[in-house]
There are 2 protein chains.
Amino acid sequence: MERPEELAREMPSASIERLPTYLRALGDLAARGVVGTSSTELADLAGVRPAQLRKDLSYLGSLGTRGVGYDVVRLRDQVGAALGDAQELRVAIVGVGNLGHALANYSGLVARGFTVAALLDASAAVVGQTVAGLVVEDVAGLHGIVQARGVSIVVIAVPGDRAQEVCDAVVAAGVREILSFAPCALQVPPGVELRSVDVGSELQILAFHSRVRQER
Amino acid sequence: MERPEELAREMPSASIERLPTYLRALGDLAARGVVGTSSTELADLAGVRPAQLRKDLSYLGSLGTRGVGYDVVRLRDQVGAALGDAQELRVAIVGVGNLGHALANYSGLVARGFTVAALLDASAAVVGQTVAGLVVEDVAGLHGIVQARGVSIVVIAVPGDRAQEVCDAVVAAGVREILSFAPCALQVPPGVELRSVDVGSELQILAFHSRVRQER
DNA sequence: CGATGTGAAAATTTTCACAGCT
DNA sequence: AGCTGTGAAAATTTTCACATCG
C-alpha cells in the first residue's frame, strides 16, 4: 500500500493473467456509461468469483471504497496503467503467413494501445509486399529494426521448425517479451518472458474432455 | 490402474493442459527415429521438470518401464489416444474474417487429426465464397449443420460484440466443446467446456511484465 | 449499513525423495 | 544400477468469512 510498485511486483502470475479480462469488462461498463460497480457485478462480467476479483485488485492497492464499490473509470485507468496502457509499446511480427497476416490486420492490437512497428519474414516472396499498411522486411534485419524502432514485444508466427532459431535471434536482439504461436516448446534464457498460444493444443485439450465425456 | 478411464477422468486440468506438448515432443522424437526416451529428456523438450512429466503421465497409467524409460512410439500412441487422436473430431469455424480465414487454412488442424467440417459466417459478402476448399455457409444453419455433420467442436472467431450470441447458438445446437478467440468472457452453462484465446490479453500480460521491469 | 480488503482455511498444483521394478 | 511411479511435503492459488471503514 505504501509502495504500489513493490506490491505489483509480487502479484501472483495467476492474478496478472486475469487483469486483461477485468480491463475489458471495465471498458465495456464505461462505454455503456456506467459510473459505479461492485466486485459482484465485475466478477460476473469477467467470469470469476467476487472474492477472487477483490483479492486480485488488492495487489494493485486499495482501489475501491468500502461500503460503496468501485468507480468504473478510475478503476479502468488504474488497471490499464498496471497493464502498461499508456506506454504505446511497439510490437514486431515475425512470419507473415496466414496467421501473421491476420495478426497484422487485427484491430484489437491498436485498440489496446499497441503499435505494430514492423513485419518481418524470411521468404523473398513475401518481403517487399505491403500488408496492413506496412512493407514486409527481411528477418535478417531483425536486430537493427528492433533497436531502431524501440520494439519491446515480438510475436513469432513462423512454422514450428523455424521457431527456435527465430526465437534465439529475437532474444539476441535484446527483446525480453515474446508471444509465440509456434506449436512447440521454445527455450528462452531466464529473464525473458515467453507466452505461447497453440491452437492445435487448445483443440486437443477440448478433444480430451470430449473423449472423457463419451466414455461415460 | 485397474480402470484407466476413471483415472483419466480425475486427471488434474493442469496436467491435461500439458499433454499436447508431450505429444508433440514425442512426435518429434519418433520422426527422428528415436526409439526410447526418459522423463528427463522428454521433460526437457517440453519445458517442464522430469517429476512433473512423470506425475502427469502417471494419471494415464503406468506407461514406462522402471529402470529403463519410455518407448517413444508406444507412449506417443497412448498420449495420443488420451487426446482423442483417432477420433477424427469434426470442427466448425464460425466467423470467416481474417482470423477465421487463417484458421481454416491452418495445416496444424489436419495434422493433429481434426477435420474442418464447416465454415460459417453471418455476412452475405462472405457466405458462398470458397475458403480452404469449403463453401462458407450461413450461420443461420448452424444447428442443422452441427447435427448433420457430427460437429463436436466449434471455434468462435467473430467480433466481440457478436460472440455471446454465437456462443449461445452453438450451445443450443448441442455442442459441448468451444474454443473462442473473442476478446471477452463468454457465459456457458455447466457441462460445456470453453477455452479462450485472446491475443490482446496475451500482449497485455507481456506489457505488465515489461512495465514492472522498467520500474526497477 | 454494506461492500471492500484481507488474514486464515481449503483446494489445487508442483516438487521432493525414495520405494519399487526391470 | 537406474529410472519410473508415487506418497508426502512445499508452494501456489482459490475461497471463505469477517473486521474495517466510508
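Just so we're on the same page: letters track the sequence lines, and every chain starts at 1.
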remark   = Whole-Å distance, A:Glu10 CD to C:dT6 P, equals 13 Å
task = Whole angstrom is fine here: how far is it from CD in B:Gln52 over to C1' in D:dT12?
result = 13 Å
note = Between CD1 of B:Ile16 and P of C:dT12 the distance, given in whole Å, is 13 Å
message = Give the residues of residues 66-75 of chain B touching DNA chain D, defined as any heavy atom closer than 4.0 Å, sorted by residue number.
response = B:Arg66, B:Gly67, B:Val68, B:Gly69, B:Tyr70
task = Send over the distance from A:Glu17 CD to D:dT13 P, rounded to a whole Å.
result = 9 Å
request  = Report yes or no: is the cationic atom of B:Arg112 (NZ for Lys, CZ for Arg) closer than 6.0 Å to the six-membered ring centre of B:Phe114, at no more than 45° off its axis?
outcome  = no
ask   = Just how far, in rounded Å, is P of D:dT12 from CG of A:Asp56?
value = 16 Å
query = Sub-3.5 Å donor-acceptor pair from the side chain of B:Arg18 to the main-chain atoms of B:Leu53, do we have one?
reply = no
request  = Could you check whether B:Leu57 gets within reach of a base, just the sugar-phosphate, or nothing at all, counting any heavy atom under 4.0 Å?
outcome  = nothing
query = Where the side chain of A:Arg76 meets the backbone of A:Gly27, is there a donor-acceptor pair that is under 3.5 Å apart?
reply = no
query = Can you tell me if A:Arg54 and A:Ser39 form a side-chain donor-acceptor pair at under 3.5 Å?
reply = yes
ask   = Between C:dT13, D:dA17, D:dG5, which nucleotide gets closest to the side-chain atoms of A:Ala51?
value = D:dA17
inquiry  = I'd like to know if the side chain of B:Asp121 reaches the main chain of B:Val96, judged simply by a donor and an acceptor atom lying under 3.5 Å from each other, with no hydrogens or angles considered.
reply    = yes
ask   = Quick one: is B:Arg54 getting a side-chain N or O under 4.0 Å of the C:dA17 phosphate, OP1 or OP2?
value = no
task = Take the protein atom NZ of B:Lys55 and the nucleotide atom C1' of D:dA11, then report the distance between them rounded to whole Å.
result = 14 Å
ask   = Using a heavy-atom distance cut-off of less than 4.0 Å, which residues of residues 27-49 of chain B contact DNA chain C?
value = B:Arg49
ask   = Once you round it to whole Å, what is the distance between P of C:dG5 and CG of A:Leu60?
value = 11 Å
task = Using distance alone, with no hydrogens and no angle criterion, decide if A:Asn98 and B:Tyr106 have a side-chain donor and acceptor under 3.5 Å apart.
result = no
key: Derivation of the side-chain contact (heavy atoms from CB on, under 4.5 Å) call for A:Glu202 and B:Val197   = CA-CA 9 Å; A:Glu202 295 297 330; B:Val197 171; 4.0 Å; yes
Whole angstrom value for the distance that separates P of D:dT13 from CZ of A:Arg18 = 9 Å
request  = Verify, without hydrogens or angle tests, whether B:Thr65 (side chain) and B:Val68 (backbone) share a donor-acceptor contact under 3.5 angstrom.
outcome  = no
ask   = Does any N or O in the side chain of B:Gln187 come within less than 3.5 Å of the main-chain N or O of B:Gln164, such that one atom is a donor and the other an acceptor?
value = no
task = Establish, with yes or no, whether the OP1 or OP2 oxygen of D:dT13 is under 4.0 angstrom from a side-chain nitrogen or oxygen of A:Ser13.
result = yes
